[in-house]
Amino acid sequence: MSFFRSISALSKLRSRATQQSSLANSVRWLQTQTSSNLDLYSELKELIPEYQERVKKLKINYGKVELGNITVDMVLGGMRGMTALLWLGSAVDPEEGIRFRGMTIPDCQKSLPAAKPGGEPLPESILWLLLTGKIPSKEQVDSLSQELRSRATVPDYVFKAIDALPVSAHPMTQFTTGVMALQVQSEFQKQHQSGLAKARYWEPTYEDSMNLIARLPAVAAYVYRRIFKDGKIIPLDESLDYGANYAHMLGFDDPQMLEFMRLYITIHSDHEGGNVSSHTAHLVSSPLADPYLAFAAALNGLAGPLHGLANQEVLRWIRSIVAEFGTPHISTEELKDYIHKTLSSGQVVPGYGHGVLRKTDPRYTCQREFALKHLPDDPLFQLVSKLKEVVPPILLQLGKVKNPWPNVDAHSGVLLNYYGLTEENYYTVLFGVSRSIGVGPQLIWDRALGMPLERPKSITLEKLEDLCKKAA
C-alpha cells in the first residue's frame, strides 16, 4: 500500500505535504521489514525483483507525469534544482537536511548498530541501510565487517603505481591513481566482455563495488603514510571494524579517534545524487564503465575546491586567523573585522553556505555535539563555535547568499586536527573513502534497475537567446 500511496503523491506534485507523508510511509514500510540474512548479497538479491517491478510500473503507468519546468536560470546555473536523477540512498531537504533512506542523522545515531553502547554508527551499518533500505541487526553488521575485511587485500602493483608519482603530488592525485590501478581486477569488465546477460549486470557490479569499498582504506592509508610519515604500511587489524581499521592503518589508535572516524565516514557517505562526485559516478557508470572507472572520476570531481577540497580550505583559514592574532582566543569584534577583511579581498568564508540547504547542515551539528562531548575546551573548537555566531549575520547583512549557515566542512578539520591528523591536504581523501559507501550502492542499483546511458539535451547560446525572445 505504501508504494501506491507514493505513486498517488507523485501524480499530485503540487501537494508537497502529501508527497512527504507518502514518502515517510514508504520509508517506514521498508525499515520495518525484517530478514534473517546475514549476507548482504543474499539480502540484496531478494530485494532487487521488488524494486525492478516498482520501476517497471512507474515507467508504464506514470512515464508522462511532469516533475517540473526547466528555466533559463537552471540551464545557465549548472542545472541547479532540476529533478533529473533517480537516487535511492539519500535525499537532501532544504530545511531538514540529509536523510539516509528516510532517516535523519539523529535517527541513524539512535537506531544503527554501533561498536559500543551509545557510540557512533558503524559505517558498515550505513552501507547496509543505503543498499537495502532496512536497519541492520548487529549480527548482520558484524557479518558485513568480516566480509569487507576478507576483501581488503590490495595487490602490490597498486602501491607501485602510486610510488611512480612524486611524493609531492597531491594526496588526491595519488589516491585516484591507486583506484585506477585497482581497476585491473574489475569483475564487471571481465564478465561483460564474456557476454554477461543484462539482467545480471548488477552481480559483478556488486563484487566490484564491495571490493572497492573494502580496499580503499588501505590505499588511502598508504598515501598518507607515504607522504606524511615513514612510508611503512600498518596492516589491517582483524578485530576492528571498517572505520576503526582505517584510523588504525593511518596510525591512530585513540578510542575517541576511532569513534570520530566512524561518525565521519557515516555522515560523509552520501548526500543525494546531484552533488558533483555522486553525479559524476552515476554519469560515468551509465555507459557501463565499471565501478572503479566511475569512482575514480568521482574522486576527480571531489578534488575540486568547490566540492570536497573545501574541507582543507576551512582549517587553513582558521589557522590564518590564529596566525593573524597569535592566539585562538579572539574577541568577537576582532573576528568580525577579520571576516570583513576576508570578504573584501574577494574571498569567501570557507565552510559556510550550501547549494541545497537553507539551514545549518545537520552534519555540522552532529560533529559539534561530538566535540561538546569529547573536547569542549579545545581552543580551535571554541573558535569554530564563535565563528558560527559571527559569520551568518555578516553574510545575511551582505544580502548575497541564500544560506549563510555552516556546512559539514566548517567543523571536520578542527576535530581531525585535535586527534593528531593535522595534514589538511589529506582531508579530501578521507571524504573520498567515505563517499564510496554512498556511491557504491547506487551503482549496484543502477545496474539492477537497468538505468540507461545518461544523455541530457544541450542547447546553443543562439538557440537559447531565440527561445527567450519568443517567450518575452
Side-chain angles (χ1 to χ4, degrees), residues 123 148-149 152-182 212-237 240-269 277 292 295-296 298-300 302-305 307-316 319 408-409 412-437:
L148 291 173
R149 287 192 294 268
T153 302
V154 177
D156 287 341
Y157 59 77
V158 173
F159 301 125
K160 291 179 181 178
I162 295 172
D163 287 341
L165 295 170
V167 176
S168 60
H170 193 281
M172 283 296 282
T173 302
Q174 300 190 39
F175 186 39
T176 307
T177 299
V179 172
M180 286 301 298
L182 285 171
L212 177 64
I213 291 169
R215 294 168 186 172
L216 284 178
V219 175
Y222 181 75
V223 171
Y224 178 77
R225 304 288 302 176
R226 178 176 186 252
I227 298 174
F228 302 110
K229 303 299 178 182
D230 55 9
K232 182 180 178 181
I233 296 176
I234 299 175
L236 176 143
D237 186 332
L240 295 177
D241 58 85
Y242 187 87
N245 246 321
Y246 183 23
H248 167 72
M249 288 188 288
L250 289 170
F252 302 96
D253 290 301
D254 182 334
Q256 284 188 22
M257 176 59 162
L258 305 191
E259 271 291 272
F260 180 62
M261 190 62 72
R262 293 172 185 126
L263 177 64
Y264 183 99
I265 293 174
T266 296
I267 65 175
H268 285 80
S269 60
S277 54
Y292 297 97
F295 188 66
L299 288 178
N300 287 326
L302 192 68
H307 191 17
L309 211 66
N311 58 11
Q312 73 177 38
E313 300 304 320
V314 172
L315 187 60
R316 286 178 178 172
R319 284 177 172 162
V408 65
D409 297 319
S412 56
V414 167
L415 285 161
L416 292 166
N417 182 81
Y418 177 82
Y419 290 115
L421 210 169
T422 59
E423 300 86 1
E424 69 270 11
N425 264 16
Y426 184 78
Y427 289 175
T428 311
V429 178
L430 297 167
F431 200 156
V433 173
S434 308
R435 187 47 52 93
S436 70
I437 290 179

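All residue numbers refer to positions in the sequence shown, counting from 1. Computed over heavy atoms, backbone and side chain alike; hydrogens, waters and symmetry mates excluded.
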Check side chain to side chain donor-acceptor pair (under 3.5 Å) between [X] and all other residues, then give those that pass, not counting sequence neighbours.
{"X": "Y246", "answer": "Y426"}
{"X": "N245", "answer": "none"}
{"X": "E423", "answer": "Y224"}
{"X": "S277", "answer": "N275, H307, R435"}

Quiz item: Quick one: CZ on R225 to CG on L250, what's the gap to the nearest 0.5 Å?
Solution: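 One finds 8.5 Å between CZ of R225 and CG of L250.
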
Quiz item: To the nearest 0.5 Å, what is the distance between CG (L415) and CG (L315)?
Solution: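 Between L415 CG and L315 CG, I get 10.5 Å after rounding to 0.5 Å.
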
Closest non-hydrogen atom pair between [X] and [Y], with its separation:
{"X": "P123", "Y": "I265", "result": "CB-CG2, 3.7 Å"}
{"X": "L258", "Y": "A247", "result": "CD2-CB, 3.5 Å"}
{"X": "V433", "Y": "P217", "result": "CG1-CG, 4.3 Å"}
{"X": "S436", "Y": "Y242", "result": "OG-OH, 4.3 Å"}

Self-check item: Residues that D241 engages under salt bridge (Lys or Arg N to Asp or Glu O under 4.0 Å), provided they are two or more places apart
Solution: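 Salt bridge (Lys or Arg N to Asp or Glu O under 4.0 Å) check on D241 returns R262.
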
With sequence neighbours left out, what residues match [X] under side chain to side chain contact (heavy atoms under 4.5 Å, CB included)?
{"X": "T176", "result": "A296, L299, N300"}
{"X": "R215", "result": "V154, L182, Q185, N211, Y292"}
{"X": "T422", "result": "R319, N417"}
{"X": "L263", "result": "Q109, E120, F260, I267, C366, F370"}

Would you mind writing out the side-chain donor-acceptor pairs for residues 167-174 within the sub-3.5 Å range, not counting sequence neighbours?
residue, atom, partner, partner atom, Å
H170, ND1, M172, N, 3.0
H170, NE2, Q312, OE1, 3.4
Q174, OE1, R226, NH1, 2.7
Q174, NE2, V167, O, 3.2
Q174, NE2, A169, O, 2.9

Quiz item: What's the verdict on side chain to side chain contact (heavy atoms under 4.5 Å, CB included) for H248 and L236, showing C-alpha distance, side-chain angles and the deciding distance?
Solution: CA-CA 8 Å; H248 167 72; L236 176 143; over 6 Å; no

Exercise. Could you note down all residue pairs passing salt bridge (Lys or Arg N to Asp or Glu O under 4.0 Å) where residues 246-255 supplies at least one of them, sequence neighbours left out?
Key: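 For residues 246-255: none.
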
Practice problem: Determine yes or no for a side-chain-to-main-chain donor-acceptor pair under 3.5 angstrom, with R316 supplying the side chain and N425 the backbone. | Solution: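 No, R316 side chain to N425 backbone: no donor-acceptor pair under 3.5 Å.
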
Exercise. Tell me, please, which residues at least two apart from F159 pass ring pair (Phe, Tyr, Trp, His ring centres under 6.0 Å).
Key: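 Partners of F159 by the ring pair (Phe, Tyr, Trp, His ring centres under 6.0 Å) criterion, ordered by chain and then number, come out as Y222.
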
